Amino acid sequence: MTRHIFVLTGAGVSAESGLGTFRDKAGEGIWAQFDPMKLATPEAFAHDPETVLAFYDARRRNLLSAAPNAAHTALARLEATLASAGGELSLVTQNIDDLHERAGSQRVIHMHGELLKARCLNCECVHLWPEDLPASESCPACRTGGLRPHIVWFGEMPFHKDEIEQALARADFFVAIGTSGAVYPAAGFAAEARALGIPTLEINLKAADNAVIFDAARYGPASVIVPAWVEEVTVGLGGKI
Ligand code: OAD
């Protein structure tokens, strides 16, 4: 019986909450409208911090007016169910939103950072930051450094690499939800899971770039497919919630 499930989520899990995805096949994704090289790199921030900060201010405001959907809620329920059955859920997200937490997930590994946090460029202290972030703002801890969004930009290392690798090695089931499989290292986790002999499932609106890697797939909106899948897993664990 499955006891340790590793879930990787991407922008698709938050799409029905009104947060855009990055790579939409209809060409309406965030990176089709905005140039990531001008907004999501350390070089862009050094060159034009006001433009970069304004982009993230807009996304932060959008996030604050959004709410978790049924997929987030189902994953929070799965975490509680597994814990009560002596198991574990490792929830690793590429998303910078806090919708998993607001749905009730207790432990979320944000490998690409968090939109509601800011980091000092000097002392690297991380602060909760739910408001707009002006370029003139300085670190509340050291008072000298400027602040940047606590987000992993292109060319930077994702967070929590060791913790993620350890969780993957302990897992007995791997699920990727709402991710295009286009950005590494997250896009490589399914292949790593397979190499470890762990069964893999893709839940997505449409087949991801790396769909062939998965043992099984379920296609449709996350708000429908994820609760149905969680229900099946829960029944398999004796229905305990
Ligand atoms: P993408 O925008 O690349 O992919 C979103 C995926 O979600 C696609 O496979 C869609 O088919 C799927 N999708 C859309 N709506 C859905 C729905 N309602 N239900 C289920 N699936 C749906 O987003 P990510 O794979 O998360 O990084 O992108 C990875 C990283 O690229 C992001 O974390 C971000 C971006 O650059 C950084 O900003 C560092």
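Remember, it's 1-based here, ligands and their atoms both numbered in the order they're listed. Keep in mind the model is a prediction, meaning the values are calculated, not measured.
- Salt bridge R23/E28: absent, no basic N to carboxylate O contact under 4.0 Å.
- F34 and F55 have their aromatic ring centers within a separation under 6.0 angstrom.
- A salt bridge is defined here as a Lys NZ or Arg NE, NH1 or NH2 lying under 4.0 Å from an Asp or Glu carboxylate O, and D97 with R102 fails to meet this definition.
- Under a 4.0 Å criterion applied to the non-hydrogen atoms of G10, ligand 1 contributes the atoms 26 (O).
- The residues R77 and E231 are annotated as not salt-bridged, no charged nitrogen and carboxylate oxygen being separated by less than 4.0 angstrom.
- Here is the list of ligand 1 atoms found below 4.0 Å of a heavy atom in V183: 29 (C), 30 (C), 31 (O).
- For H160, the NE2 atom sits in a packed shell: over 12 heavy atoms of surrounding residues, nucleotides or ligands are nearer than 6.0 Å.
- The ligand atoms of ligand 1 that sit less than 4.0 angstrom from a heavy atom of A11 are 23 (O), 24 (P), 26 (O).
- Ligand 1 places these atoms under 4.0 Å from at least one heavy atom of G178: 5 (C), 6 (C), 7 (O), 21 (N).
- Checked by atom type and distance alone, the side chain of R60 pairs as donor or acceptor with a backbone atom of E131 at under 3.5 Å.
- Transitive grouping of hydrophobic side chains (ILVMFWY, heavy atoms separated by less than 4.5 Å) keeps V13 and I109 in distinct clusters.
- Taking every heavy atom of E16 and a limit of under 4.0 angstrom, the matching atoms of ligand 1 come to 17 (C), 18 (N), 19 (N).
- Among the candidates K117, E101, Q94, H150, the single residue satisfying the side-chain hydrogen bond (donor to acceptor under 3.5 Å, both in side chains) test with H110 is E101.
- Ion pairing between a basic and an acidic side chain is recognised when a charged N comes within 4.0 Å of a carboxylate O; R107 and E88 show such pairing.
- Near F154, meaning under 4.0 Å from one of its heavy atoms, ligand 1 places the atoms 36 (O).
- Heavy atoms of L205 found under 4.0 angstrom from ligand 1 belong to the backbone as well as the side chain.
- Atoms of ligand 1 lying under 4.0 Å from at least one heavy atom of A15, given by number and element, are 15 (N).
- Of the candidates W31, Y184, F22, W31 brings a heavy atom nearest to atom 36 (O) of ligand 1.
- Within the 4.0 Å heavy-atom shell around ligand 1 one does not find A182.
- The proximity of R23 to ligand 1, defined as any non-hydrogen pair under 4.0 Å, involves the side chain as well as the backbone.
- Atoms of ligand 1 found under 4.0 Å from any heavy atom of V152 (numbered from 1 in listed order, with element): 39 (C).
- Heavy atoms from both the backbone and the side chain of Q94 come within less than 4.0 Å of ligand 1.
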